[in-house]
Chemist: 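This is the structure, below, for whatever I ask next.
A note on names: the letters A, B, ... follow the listed sequences, proteins ahead of strands, and every chain is numbered from 1.
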Protein chains: 2
Amino acid sequence: MKKEQTFSIGEFSAKTGISIRTLHYYDDLGLLKAERDPSSGHRLYTHEDLRKLQKIVSLKFLGYRLDQIADLIQTTHFDLGLKESLQMQQKALEAKKEQIETSIKAVKRAISLLEEERELDSHVLMSVIRNIQTEKEQRLWLEQYTSKEFVGQLYDKSEEEMIELDKNYIRLMREVKKLVGKPVDDPEVEKLIDDFLKVSSDFVGEQDLSDLESLPKDQAETLQKLIPSPLTDEEEAWLNKAMDHYMMAKGMLKPSQSDHQL
Amino acid sequence: MKKEQTFSIGEFSAKTGISIRTLHYYDDLGLLKAERDPSSGHRLYTHEDLRKLQKIVSLKFLGYRLDQIADLIQTTHFDLGLKESLQMQQKALEAKKEQIETSIKAVKRAISLLEEERELDSHVLMSVIRNIQTEKEQRLWLEQYTSKEFVGQLYDKSEEEMIELDKNYIRLMREVKKLVGKPVDDPEVEKLIDDFLKVSSDFVGEQDLSDLESLPKDQAETLQKLIPSPLTDEEEAWLNKAMDHYMMAKGMLKPSQSDHQL
DNA sequence: ATATCTCCTTACGTAACTAGAGGTGCAAGG
DNA sequence: CCTTGCACCTCTAGTTACGTAAGGAGATAT
């Protein structure tokens with residue numbers, strides 16, 4: 001005759017910090033079935049249940065879903081089989097972590113941009129964010145066609161450089177949106193294109209562009225999908241026209257696919 | 001007459017990587033309403049919609065919920081008002097990140113324990129995990145009653161020390177589970193308690209225990225809730241008895257609340 | 001006798017989709 | 001002409017891990 005101390009669901013909930021509703025739920029699922037007081041129908045929890053619940057909570061903490069936990073708590077001894085499973089959990093968790101870290105990076109950059117500019121076009125901000133979001137894909141994609149070093153030089157910049165680039169980018173986009181529609185030979189427009197080219201060359205730094213220029217045209221389209229533009233169709237068309245005109249005027253040939261993407 | 005190129009939902013989905021279902025869903029929500037071909041009823045997406053979708057995806061990336069996004073995409077210009085909102089996002093994201101990091105830590109430790117031991121009692125492993133999970137609370141709680149330095153010395157150990165401690169812990173628990181029921185004056189039991197005390201003193205290191213011993217008894221209970229034991233009631237009771245006997249025999253007084261918790 | 005307390009069950013709400021069933025319109029192949 | 005297939009449509013239900021609320025029973029306190 002063990003005196004088997006039991007607890008009501010309320011006591012058990014208070015003891016463990018797990019809500020009554022959750023205990024009901026686990027009971028319904030069969031994950032943690034409590035005995036019943038035959039007269040009242042009230043659930044009775046034992047010390048044994050307490051340990052079982054601790055197991056459940058721990059496994060949940062490791063990232064397992066309840067149905068997986070239902071399987072796992074059957075076994076009283078863990079062996080190397082669990083190791084594999086744990087390694088999968090680890091990978092899943094690390095993926096989540098990385099994705100959150102990228103988001104944090106984007107949020108931070110958005111904040112510092114807002115601090116500098118105090119008001120900006122939503123499309124512009126969005127395109128900056130989307131750029132961060134897709135950076136990894138962009139790199140992987142570019143590495144396919146160029147080299148790892150090239151990509152590294154392109155992307156691995158310091159915090160300040162990044163912000164500087166963002167600011168320039170924003171300024172340029174603002175200008176474009178302001179000047180759109182003006183004749184392509186307007187001096188203001190010419191200055192804009194000048195600026196554009198300067199910022200672009202700052203961006204790529206002192207590296208060799210031949211890698212980039214050897215990209216076939218159809219793949220440049222794929223790249224465009226990865227790097228979103230904050231411009232409307234008209235703005236984009238106008239900018240292309242202005243670019244072409246500038247190139248022609250300066251005798252820099254090739255009035256075809258001018259690429260103004262950063 | 002703008003030629004307004006439009007896309008079917010399939011094309012749009014392929015272009016953006018967002019599933020057709022999701023596009024339907026966004027349409028139903030009113031988040032991204034597509035025009036309809038009057039004859040077929042098919043959805044028609046424009047370039048405008050593309051940019052809107054990019055905004056949606058970007059905001060989702062920043063951690064906003066769809067209903068919040070529905071509000072946010074109304075405004076075409078962002079200002080300092082958004083900054084606060086972004087800072088909240090940042091905090092939320094960082095909280096998530098921390099929690100994931102703790103989980104990763106737990107998973108890693110579980111893995112390395114499994115590698116060392118190759119098979120172990122599930123309760124023991126769970127209690128190790130739960131210990132990691134509640135470490136923060138334990139620290140906060142202890143800091144209330146002792147000092148920050150004391151707590152720091154207790155918890156801030158190197159990776160190897162941690163694993164070493166875990167291994168000792170596991171060994172002790174295994175021993176307890178093996179010897180449970182033996183008479184308290186059995187030499188094996190005595191050796192176990194010896195071991196227990198040695199490991200405990202290794203754990204607290206060369207620091208002053210007076211801080212810990214001044215904890216009132218009722219609060220020691222609270223601590224027990226935070227630090228789960230992998231032992232069954234019998235095992236626990238037996239261990240307490242053995243402890244008391246050991247203390248008495250060695251003339252170390254106080255046969256009351258022996259505390260074998262790590 | 002009534003109010004309060006703890007417990008019970010049933011069932012709907014949440015977030016952001018995914019999956020499936022069942023149906024329409026249109027083009028090409030037999 | 002009929003069928004097949006494709007791309008699209010709508011509508012319903014399922015997913016995860018609960019939270020919240022409604023309505024009721026039995027025990028205790030005033």
Side-chain angles (χ1 to χ4, degrees), chain A residues 6-46 49 52-53 55-73 89 92-93 96 99-100 103, chain B residues 6-46 49 53 55-73 89 92-93 96 99-100 103 133:
Chain A
T6 60
F7 310 95
S8 74
I9 197 170
E11 294 164 336
F12 199 66
S13 168
K15 213 179 176 63
T16 58
I18 305 300
S19 77
I20 291 181
R21 176 63 181 100
T22 300
L23 291 171
H24 279 164
Y25 182 59
Y26 289 174
D27 198 341
D28 291 348
L29 282 187
L31 193 55
L32 183 68
K33 278 250 182 276
E35 277 175 55
R36 299 303 185 105
D37 180 325
S39 63
S40 68
H42 287 195
R43 290 173 180 80
L44 297 174
Y45 290 90
T46 65
D49 292 326
K52 198 166 172 185
L53 182 58
K55 255 169 115 168
I56 293 170
V57 172
S58 301
L59 288 168
K60 222 159 64 88
F61 182 68
L62 296 187
Y64 288 99
R65 292 196 318 259
L66 295 187
D67 55 350
Q68 301 174 309
I69 293 176
D71 294 343
L72 282 170
I73 46 174
Q89 287 301 317
L93 287 169
K96 268 194 202 166
Q99 120 95 358
I100 287 183
S103 289
Chain B
T6 59
F7 311 94
S8 73
I9 197 169
E11 293 165 336
F12 199 66
S13 167
K15 216 181 174 58
T16 58
I18 305 299
S19 78
I20 293 180
R21 294 279 210 265
T22 301
L23 291 171
H24 279 166
Y25 180 59
Y26 288 174
D27 198 340
D28 291 348
L29 282 187
L31 192 56
L32 183 67
K33 277 249 183 275
E35 277 176 54
R36 299 303 184 107
D37 179 324
S39 64
S40 68
H42 288 195
R43 291 173 177 79
L44 297 175
Y45 289 91
T46 66
D49 291 326
L53 183 57
K55 254 168 115 168
I56 293 171
V57 172
S58 301
L59 288 168
K60 224 161 60 88
F61 182 67
L62 296 186
Y64 287 100
R65 292 196 317 258
L66 294 187
D67 57 348
Q68 300 174 311
I69 293 177
D71 293 344
L72 282 170
I73 47 176
Q89 287 302 317
L93 287 170
K96 266 193 204 168
Q99 120 95 358
I100 287 183
S103 289
Q133 184 185 355

Chemist: Rounded at 0.5 Å granularity, tell me how far OG1 in A:T16 sits from CG in A:L23.
Modeler: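 A:T16 OG1 to A:L23 CG: 5.5 Å, rounded to 0.5 Å.
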Chemist: What is the distance from CG of A:D37 to P of C:dC7, rounded to the nearest Å?
Modeler: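 Answer to the nearest Å: 12 Å.
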Chemist: Give one of base, sugar-phosphate or nothing for B:I9, where a contact means two heavy atoms less than 4.0 Å apart.
Modeler: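 Counting heavy atoms under 4.0 Å across all strands, the contact made by B:I9 is with sugar-phosphate only.
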Chemist: In whole Å, I'd like the distance from the CD1 atom of A:I56 to the P atom of D:dA17.
Modeler: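 That distance rounds to 12 Å.
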Chemist: Taking atom P of D:dG14 as reference, at what distance in whole Å does atom OH of B:Y25 sit?
Modeler: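 Rounding to the nearest Å, OH of B:Y25 and P of D:dG14 are 17 Å apart.
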Chemist: Reckon A:Y26 has a side-chain N or O less than 4.0 Å from the OP1 or OP2 of D:dA17?
Modeler: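 Negative; the distance criterion is not met.
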Chemist: Rounded to the nearest 0.5 Å, how far does CG of B:L72 lie from CZ of B:R65?
Modeler: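 Output value for this atom pair is 11.0 Å.
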Chemist: Heavy atoms under 4.0 Å, any strand shown: does B:S39 hit a base, just sugar-phosphate, or nothing?
Modeler: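 Since no nucleic acid heavy atom lies under 4.0 Å of B:S39, the category is nothing.
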Chemist: At under 4.0 Å, does any side-chain N or O of B:R21 touch on OP1 or OP2 of D:dA13?
Modeler: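 Answer no for this pair, as no side-chain N or O of B:R21 is under 4.0 Å from OP1 or OP2.
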Chemist: Just compare C:dT9, D:dA17, D:dC9 and give me whichever is closest to any side-chain atom of A:R36.
Modeler: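 Selected nucleotide: C:dT9.
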Chemist: Can you tell me the distance, in whole Å, between the CG atom of B:D67 and the P atom of C:dC17?
Modeler: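 After rounding, the reported distance stands at 12 Å.
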Chemist: At less than 4.0 Å, is any side-chain N or O atom of B:R43 found next to OP1 or OP2 of D:dC9? Yes or no.
Modeler: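 True: B:R43 side-chain N/O within range (under 4.0 Å) of D:dC9 OP1/OP2.
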Chemist: Any side-chain N or O of A:S19 less than 4.0 Å from the OP1 or OP2 oxygen of D:dG19?
Modeler: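 A:S19 to D:dG19 OP1/OP2: side-chain N or O found under 4.0 Å.
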Chemist: OP1 or OP2 of C:dC8 sitting under 4.0 Å from any side-chain N/O of A:H24?
Modeler: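 Answer yes for this pair, as a side-chain N or O of A:H24 is under 4.0 Å from OP1 or OP2.
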Chemist: Below the 4.0 Å mark, does C:dA15 have OP1 or OP2 next to a side-chain nitrogen or oxygen of B:K60?
Modeler: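 No, because none of the side-chain N or O atoms of B:K60 sits under 4.0 Å from OP1 or OP2 of C:dA15.
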Chemist: I need the A:K60 NZ to A:Q68 CD distance, nearest 0.5 Å.
Modeler: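 Answer for the NZ-CD pair, A:K60 versus A:Q68, is 13.0 Å.
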Chemist: Check whether any side-chain nitrogen or oxygen of A:S8 sits under 4.0 Å from OP1 or OP2 of C:dT6, and answer yes or no.
Modeler: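 For C:dT6, neither OP1 nor OP2 has a side-chain N or O of A:S8 closer than 4.0 Å.
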Chemist: What's the CZ-P distance between B:R65 and C:dA16, to the nearest Å?
Modeler: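 After rounding, the reported distance stands at 7 Å.
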Chemist: Quickly work out the B:Y64 OH to C:dA15 C1' distance and round it to whole Å.
Modeler: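 Distance check: B:Y64 OH to C:dA15 C1' gives 18 Å.
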Chemist: Can you tell me if CD on B:E35 sees more than 12 non-hydrogen neighbours from other groups inside 6.0 Å?
Modeler: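 Counting other residues, nucleotides and ligands, CD of B:E35 stays at 12 neighbours or fewer.
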Chemist: Please report the interatomic distance CG(A:L66) to CG(A:L31), rounded to the nearest 0.5 Å.
Modeler: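 The distance works out to 6.0 Å.
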Chemist: Tell me the interatomic distance from A:L23, atom CG, to C:dC7, atom P, rounded to whole angstroms.
Modeler: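 Interatomic distance, CG of A:L23 to P of C:dC7: 11 Å.
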Chemist: Figure out the CG/P separation between B:L29 and C:dC17, and round it to whole Å.
Modeler: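 Taking atom P of C:dC17 as the reference, CG of B:L29 is at 9 Å.
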Chemist: So B:T22, base contact, sugar-phosphate only, or nothing? Heavy-atom distance under 4.0 Å.
Modeler: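 Sugar-phosphate: the residue B:T22, judged by heavy atoms under 4.0 Å, touches backbone atoms but no base.
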